[in-house]
Amino acid sequence: MQLTQDAELRTLLEETRVIALVGASDRPDRPSYRVMRTLQEHGYRVIPINPQITGEHLHGEFVFRDLSQIGDPIDLVDIFRNSAAAGEAVDDAIAAGAKAVWMQLGVVNDVAAARAEAAGLKVVMDRCPAIELARLGIAPIA
């Protein structure tokens with residue numbers, strides 16, 4: 001189910017606790033670096049995914065190669081990949097048992113979104129959760 005309404009986005013963000021961030025960067029000038037920090041400051045556990053820096057730590061969290069390595073349940077997979085590469089991240093999210101996929105600003109892949117929806121995942125495209133938290137005035141997670 002693709003979420004577009006404020007109430008739907010609010011519910012998803014309020015129910016989420018664990019986020020896997022695909023495309024996490026260790027470079028402070030990259031948006032994924034700042035978004036990960038913002039989400040953590042809001043109270044989420046954010047697990048970084050990046051095969052190029054696997055085994056390192058980013059904002060205090062171990063960096064995994066891919067979603068299949070994470071042993072904990074994942075509520076939401078935040079995708080910082082281009083639209084074409086988002087399909088693979090969505091397939092990995094489905095295989096990992098995630099509840100939702102969130103494609104970042106500028107990332108739209110209708111075919112991958114349809115696969116996620118068919119597998120029962122909630123889908124958000126072309127939005128940033130950090131921006132939506134502020135815009136919707138969602139309180140930090142206790």
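Just so it is clear, the structure is predicted and the values come from calculations on it, not from any experiment.
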Sorted by chain and number, sequence neighbours left out, side chain to side chain donor-acceptor pair (under 3.5 Å) with D75 holds for K99

If every non-hydrogen atom of G87 is compared with every non-hydrogen atom of N109, which pair is closest and at what distance? N-ND2, 3.7 Å

Selection residues 79-93 - residue pairs positive for side-chain hydrogen bond (donor to acceptor under 3.5 Å, both in side chains), sequence neighbours left out: D91-R115

Sort and list the pairs that fulfil ring-ring contact (aromatic ring centres under 6.0 Å, His included) and have at least one residue in residues 69-91, not counting sequence neighbours. none

Under the side chain to side chain contact (heavy atoms under 4.5 Å, CB included) test, which residues partner A114, sequence neighbours left out? none

Where is the tightest heavy-atom contact between A116 and V90, given as atom of each residue plus distance? CB-CG1, 3.7 Å

Strictly by side-chain hydrogen bond (donor to acceptor under 3.5 Å, both in side chains), give each pair with a member in residues 9-18 just once, sequence neighbours left out. none

Using the six-membered ring wherever Trp is involved, compare the ring planes of Y44 and H42 and label them parallel, tilted or perpendicular (cut-offs 30° and 60°). parallel

Can you give me every donor-acceptor pair (side chain of residues 125-142, partner residue at least two apart or in another chain, under 3.5 Å) with its distance?
from : atom 1 : to   : atom 2 : distance (Å)
D126 : OD1    : G106 : N      : 2.5
R127 : NH1    : E132 : OE2    : 3.4
R127 : NH2    : T4   : O      : 3.2
E132 : OE1    : R135 : NE     : 2.9
E132 : OE1    : R135 : NH2    : 2.7
R135 : NH1    : D6   : OD1    : 3.4
R135 : NH1    : D6   : OD2    : 3.3
R135 : NH2    : D6   : OD1    : 2.6

For residues 23-31, which side-chain N or O atoms pair as donor and acceptor with protein atoms under 3.5 Å away, sequence neighbours left out?
from : atom 1 : to  : atom 2 : distance (Å)
S25  : OG     : R27 : N      : 3.0
R27  : NH2    : D29 : OD2    : 3.3

How would you list all residue pairs meeting side-chain hydrogen bond (donor to acceptor under 3.5 Å, both in side chains) that involve residues 52-68, not counting sequence neighbours? R37-H59, R45-E61, D66-S68

Option passing side-chain contact (heavy atoms from CB on, under 4.5 Å) with N50 (candidates L21, V22, V63): V63

